[in-house]
Visitor: 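There's a structure below that I have some questions on.
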Amino acid sequence: MLRAIVHASEVLTGAGIRQKDGKNIQEADMGRIPDGAVVFSTRRVGGKEVPHRVEWVGPTAALPKRYARVRKQDLKGRRAVIPGLVDCHTHLVFAGDRSDEFALRCGGASYEEIAARGGGIASTVRATREASAAELERLAVERMREMAAFGVRTIEIKSGYGLSVEAELKQLDVVARLRKRFPELTLSSTFLGAHAFPKDRSREEYLEDLHERMLPEVARRKLAEACDVFIDQGYFTVEEARRLLQAARKRGLQVKVHADELGDTGSAKLAAELGALSADHLLKVSDEGVAALAASETVAVLLPGTAFYLKAPHAPARKLLSAGVRVALSTDFNPGTCVCLSLPLIMTIAALYLGMTRAEILAAVTYNAARALGLQARKGTIEAGRDADLAVLPFPSFEESYYRFGWSARGAALNVTKV
Ligand SMILES: [Zn+2]
């Protein structure tokens with residue numbers, strides 16, 4: 001079935017962003033169409049009618065006659081339509097909360113001190129291991145609904161709060177269940193068993209678990225598209241990460257890296273060397289790391305919500321952008337370092353503290369974020385033949401969605417049943 005949206009105050013197609021493959025993005029690359037229209041097909045999945053492919057996009061006045069009888073939603077010039085947002089780095093499936101730690105941090109304790117007292121990741125691991133799959137799913141559903149209401153149409157979800165064969169697989173099983181439950185969203189699943197070392201296994205034992213038990217099962221059951229490793233002091237070394245990521249690639253998974261967050265470990269360079277989909281965080285990336293990323297296919301995923309929440313210095317976004325690195329933005333939603341489901345709030349931080357322009361921000365939450373998941377062939381722009389992932393904003397301009405910081409989501413994702 002065909003549907004159409006007409007008289008959008010503006011449609012940002014992002015076509016120029018795709019043409020430049022996400023690098024050196026300028027204002028004109030946003031592909032702004034004032035008084036725009038989009039025609040798209042829908043399909044039925046599990047009793048729901050969901051948007052499928054973009055058929056046509058252009059000015060409402062130029063809508064071809066063949067679409068005259070298509071059912072239309074008239075936005076009356078009050079709402080903008082942009083490519084559905086892509087949140088390409090989240091830790092959405094977990095149990096427990098760490099609000100007590102937040103109080104300690106506000107009292108002056110550092111994240112490292114709290115972790116040393118048994119808080120931090122270890123505290124979420126305990127709660128996640130104890131929770132049933134059904135409880136994890138229930139918690140995740142609430143979070144996904146809130147994210148989607150901001151216009152997010154694609155969400156990456158990492159495991160990494162199980163840190164045992166059973167609990168890591170349980171987390172990834174929940175992602176598989178969520179995928180079935182939300183046919184209108186695209187989920188990308190990442191195996192992050194190498195998030196930290198669990199307290200109940202030795203380093204050697206856990207590395208063996210990862211290589212011999214988790215990775216083979218994740219690959220066999222196709223539970224994840226990518227494998228990620230947290231490289232940092234006190235976590236995984238560059239050498240351990242290289243070995244695991246190479247093994248993951250042999251089993252058909254893509255690779256990603258939590259890179260240079262707490263210190264410069266040279267992990268951005270490793271990501272570039274391995275041709276990783278993305279190197280994420282990069283607060284402490286070296287000039288050498290920046291150059292390596294610029295010469296690679298790897299997307300730099302910046303997560304400025306974590307620097308904001310930990311009161312840490314931000315990643316050198318302008319340095320990365322000037323060097324010609326593709327930059328994406330994401331929430332990094334997690335219970336410790338960024339308890340934030342709002343991608344628009346992250347965009348506000350990027351505008352103010354990373355010095356990113358509005359065209360760079362649009363690219364960073366659409367095409368480049370899709371590229372960080374390997375989905376750029378069909379997602380991240382509004383163009384004929386590509387996925388009809390549309391965010392209909394409750395504002396007349398894209399910029400208003402992050403100029404109004406901290407707004408409550410009022411439903412920015414396209415709900416076809418209301419068309
Ligand atoms: Zn993360």
Side-chain angles (χ1 to χ4, degrees), residues 86-96 98 101 111-112 114-115 119-125 128 140 143-144 147 152 154-163 168 171-172 175 187-197 224-236 241 244-245 248 254-263 265 267-268 270-271 276-285 298-310 312 314-315 327-343 345-346 349-350 364-365 368-369 372-373:
V86 178
D87 199 338
C88 64
H89 180 142
T90 86
H91 304 253
L92 193 108
V93 176
F94 63 85
R98 282 149 59 182
E101 289 178 19
Y111 187 70
E112 285 80 2
I114 289 165
I121 292 176
S123 136
T124 302
V125 168
T128 304
R143 295 164 190 156
M144 284 174 67
M147 268 186 178
V152 173
T154 301
I155 305 172
E156 186 256 19
I157 303 177
K158 299 177 197 295
S159 69
Y161 288 125
L163 307 188
E168 282 295 309
Q171 268 194 292
L172 293 173
V175 180
L187 295 193
S188 180
S189 174
T190 300
F191 169 56
L192 179 61
H195 192 193
F197 285 95
E225 280 86 49
C227 178
D228 194 346
V229 178
F230 193 103
I231 303 174
D232 235 311
Q233 249 182 359
Y235 296 86
F236 289 78
L244 185 65
L245 294 173
Q254 306 255 34
V255 302
K256 299 169 87 69
V257 179
H258 273 65
D260 299 333
E261 181 184 8
L262 308 174
T265 54
S267 36
L270 175 73
L277 285 178
S278 67
D280 303 37
H281 283 292
L282 303 170
L283 302 188
K284 302 284 169 61
V285 66
T298 302
V299 177
V301 176
L302 304 185
L303 310 159
T306 64
F308 167 77
Y309 204 60
L310 297 175
H314 283 280
V327 170
L329 289 164
S330 169
T331 57
D332 190 17
F333 172 71
N334 76 78
T337 59
C338 193
V339 199
C340 172
L341 290 160
S342 166
L343 198 48
L345 178 56
I346 302 304
I349 302 173
V365 292
N368 281 354
L373 302 176

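Reckoned from all heavy atoms, side chains included, excluding hydrogens, waters and symmetry mates. This structure is a prediction, so every number in the text was calculated from the model and none was measured. Atoms within each ligand, like the ligands themselves, are counted from 1 in listed order.
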Visitor: Consider only side-chain N and O atoms of H281 and D260, and report whether a donor and an acceptor are under 3.5 Å apart.
Guide: no
Visitor: Sub-3.5 Å donor-acceptor pair from the side chain of Q171 to the main-chain atoms of V93, do we have one?
Guide: yes
Visitor: Report the residues that fulfil salt bridge (charged side-chain N to carboxylate O under 4.0 Å, His left out) with D280, sequence neighbours left out, ordered by chain and then residue number.
Guide: none
Visitor: Enumerate the protein N/O/S atoms at a distance below 2.8 Å from the Zn ion (ligand 1), ignoring waters.
Guide: H89 NE2, H91 NE2, H258 NE2, D332 OD1
Visitor: Applying ring pair (Phe, Tyr, Trp, His ring centres under 6.0 Å), can you list everything that pairs with Y111, at least two apart in sequence or on another chain?
Guide: none
Visitor: Classify the ring geometry of F230 against Y235: parallel below 30°, tilted from 30° to 60°, perpendicular beyond 60°.
Guide: tilted
Visitor: Show me the donor-acceptor pairs, under 3.5 Å and distance only, between side chains in residues 190-197 and residues at least two apart or in other chains.
Guide:
from, atom 1, to, atom 2, distance (Å)
T190, OG1, E156, OE2, 2.6
H195, ND1, G160, O, 2.8

